[in-house]
Amino acid sequence: MKLDLLNNKWIDIVFEGRNKSYGAYDLRKKNTSTNIRAFIIGAFIFSLGIAAPVIINMLPDSSSEDDEIVTKVTSVKLPPKEEKPKENIPPPPPPPPKVDQVKFVKPVVAKTNEVTEEPPKVEEIKDKNIGKEDIKGDPNADLVLTPPGDGPKQAEVTEDNTIYNSAGIEVKPEFPGGIQKWYSFLKNNFSAPDEPGLKGKVIVSFVVEKDGSLTDIKVLRDIGFGTGKEAERVLRKGPRWTPAEQNGKKVRCSFIQTFSVETPEE
C-alpha cells in the first residue's frame, strides 16, 4: 500500500487504536488548512509591501498645500510704521537775499600789527547791504520787505504798593495842621466809658494811604469796656492826612497811635 503524505488518511492510520482526543491528533488533522491560511496571509503581506510605495505616490501631497498656505500668510503686507516727528530740529536757513550783504566791521583804533579784520572799502559796499556777516545774494530771489516794528517798548511802570514803616520813611505822614492838631482831635472826639477808676492805654495801628485816607485799622491792645471800638471810631471819623513820600513819590505808610484812658474814681 502506497502512503500519500498529502492525504490526511495517514493520520488515522498512525493514531489508530490511540487516544484521538489528545491535542496532537487535532493539530495534525488541521495542519493542511493551517498551512493554506498561512500561505494566503503571507502572500497578502508580501503583496502589500511591494505595492506600498505605489500607493503612497498616488496619495495627494498635503505638505505642498501647507507650504502654499504658509506662503500666502507670509506674503501679507503690513501697514507702514508711523514715525514720530523728530524733536529739536533746527529751522531751515533763510533764503539768500536779493542783494549781496557785506559784514560790518566796527572801526577800532589799533596798531598795524594788531589789526585782525579790516573794515570793507567804500567800493565793496556800494549797492550792497550792511549786516553781521557776509552773505552772497541771489538776483533771482524774491524781494522780501520786513514789516515795520512797533519801535522800542517803554518800560512798564509798576505801582509801588509797599507799606513803609513811619520810623524809616523819608517824609512821614502828617495830620492836617501838624501833630498837635492830631492830639487835640483825639482828645476832643474820644469818649471814655462811664467806668470809675478805669486806667490804661489802648494801642491802635493803621495805614495812611497815598490819598491820605486811613485803612487797615487794627486794635493791638484793648482795656475793655468798648475802648478799642471807640478808638477805631475816632480814627475813621478823622479827615484825610498828608501821605508819606519815598524817593519823591507818595507811598503807603503804617502808623501806630496810643490812646491814654483814665476815668475818675467814685
Side-chain angles (χ1 to χ4, degrees), residues 84-92 94 104 106 108 130-133 144-266:
K84 295 182 179 180
K86 298 181 179 180
E87 299 179 355
N88 300 328
I89 299 178
F104 173 74
K106 185 177 180 180
V108 178
I130 305 298
K132 296 181 180 180
E133 58 183 353
V144 180
L145 297 178
T146 304
D150 298 332
K153 295 183 178 180
Q154 296 181 355
E156 297 182 359
V157 179
T158 57
E159 187 177 0
D160 186 7
N161 289 322
T162 305
I163 299 177
Y164 292 86
N165 193 303
S166 59
I169 198 71
E170 292 179 355
V171 179
K172 299 180 183 297
E174 187 178 20
F175 184 81
I179 191 67
Q180 295 301 325
K181 290 286 186 180
W182 168 243
Y183 291 151
S184 300
F185 172 79
L186 297 180
K187 182 178 180 180
N188 296 331
N189 290 275
F190 186 86
S191 298
D194 188 11
E195 182 66 25
L198 181 62
K199 184 178 181 180
K201 293 183 179 181
V202 179
I203 301 176
V204 183
S205 67
F206 56 90
V207 175
V208 181
E209 297 291 341
K210 297 178 183 180
D211 60 354
S213 60
L214 305 185
T215 61
D216 198 19
I217 301 174
K218 296 179 181 179
V219 179
L220 304 180
R221 178 187 292 179
D222 191 352
I223 60 175
F225 302 100
T227 53
K229 292 291 184 181
E230 178 63 15
E232 184 177 351
R233 183 192 67 81
V234 173
L235 293 178
R236 295 187 184 280
K237 179 182 178 182
R240 291 179 182 268
W241 289 42
T242 301
E245 292 186 9
Q246 184 74 14
N247 297 327
K249 295 182 179 179
K250 296 179 180 180
V251 294
R252 306 171 69 193
C253 184
S254 62
F255 200 91
I256 295 178
Q257 181 61 49
T258 301
F259 293 79
S260 297
V261 180
E262 185 176 356
T263 58
E265 297 181 359
E266 292 182 350

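Along the sequence shown, residues are numbered consecutively beginning with 1. Note that this is a predicted model, so its numbers are computed, not measured.
- To the nearest 0.5 Å, the span separating CD on Gln257 from OG on Ser205 amounts to 11.5 Å.
- Arg252 places no side-chain N or O within 3.5 Å of a backbone atom of Glu209 that could act as its donor or acceptor partner.
- Summarising the local packing, NZ of Lys250 is surrounded by 12 or fewer heavy atoms from other residues, nucleotides or ligands at distances under 6.0 Å.
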Report the C-alpha distance between Val207 and Phe255 in whole Å, list the side-chain angles of each, state the deciding distance to 0.1 Å, and finish with yes or no for side chain to side chain contact (heavy atoms under 4.5 Å, CB included). CA-CA 6 Å; Val207 175; Phe255 200 91; over 6 Å; no

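- Side chain of Asp222 to main chain of Gly224: a donor-acceptor pair is present (N/O by atom type, distance under 3.5 Å, no hydrogens or angles).
- Between Leu186 and Leu235, the shortest heavy-atom contact is CD2-CD2, 4.5 Å.
- Side-chain atoms of Ile256 and Phe206, non-hydrogen and from C-beta on, never get closer than 4.5 Å to each other.
- Between Trp182 and Trp241, the ring-plane angle classifies as perpendicular under the 30° and 60° cut-offs.
- Taking both residues in full, the closest heavy atoms of Lys237 and Phe185 are given as C-CZ, 4.2 Å, listed atom of the first, atom of the second, then distance.
- Atom CG of Asn161 is surrounded by more than 12 heavy atoms from other residues, nucleotides or ligands within 6.0 Å.
- The backbone N or O of Ile169 sits nowhere less than 3.5 Å from a side-chain atom of Gln246 that would complete a donor-acceptor pair.
- Distance alone, capped at 3.5 Å, is enough to place a donor-acceptor pair between the Ser184 side chain and the Gln180 backbone.
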Please step through side chain to side chain contact (heavy atoms under 4.5 Å, CB included) for the pair Tyr164 and Lys172, ending with a clear verdict. CA-CA 10 Å; Tyr164 292 86; Lys172 299 180 183 297; over 6 Å; no

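- In this structure, Glu232 pairs ionically with Arg236, as a charged nitrogen and a carboxylate oxygen lie closer than 4.0 Å.
- Heavy atoms only, all atoms of each residue included: Arg221 and Val202 are closest at O-CG1, 3.2 Å.
- The closest side-chain heavy-atom distance from Val251 to Thr162 is not below 4.5 Å.
- Look at Asp160 and Lys249 and you find no salt bridge, because none of the NZ, NE, NH1 or NH2 atoms lies under 4.0 Å from a carboxylate O.
- Using a 4.5 Å cut-off on side-chain heavy atoms (C-beta onward), Thr227 and Pro193 make contact.
- Side-chain contact between Lys201 and Phe259 is absent, with no heavy atoms from C-beta onward closer than 4.5 Å.
- A donor-acceptor pair under 3.5 Å links the side-chain atoms of Thr263 to the main chain of Glu195, judged by distance alone.
- Taking NZ of Lys187 as the start and OG of Ser260 as the end, the distance is 11.5 Å to the nearest 0.5 Å.
- Atoms CD1 and SG, from Ile163 and Cys253 in turn, are 9.5 Å apart once rounded to the nearest 0.5 Å.
- For the residue pair Lys210 and Pro243, the shortest heavy atom distance occurs at O-CG, 3.1 Å.
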List the steps, then state whether side chain to side chain contact (heavy atoms under 4.5 Å, CB included) holds for Phe225 with Ile223. CA-CA 7 Å; Phe225 302 100; Ile223 60 175; 5.9 Å; no

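- One distance of note links CG of Leu214 with CZ of Arg240; it measures 9.0 Å at 0.5 Å rounding.
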Could you walk me through whether Glu170 and Asn247 pass the side chain to side chain contact (heavy atoms under 4.5 Å, CB included) check? CA-CA 8 Å; Glu170 292 179 355; Asn247 297 327; 3.4 Å; yes

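- The minimum heavy-atom distance linking Lys181 with Pro176 is given by the pair CB-O, 3.6 Å.
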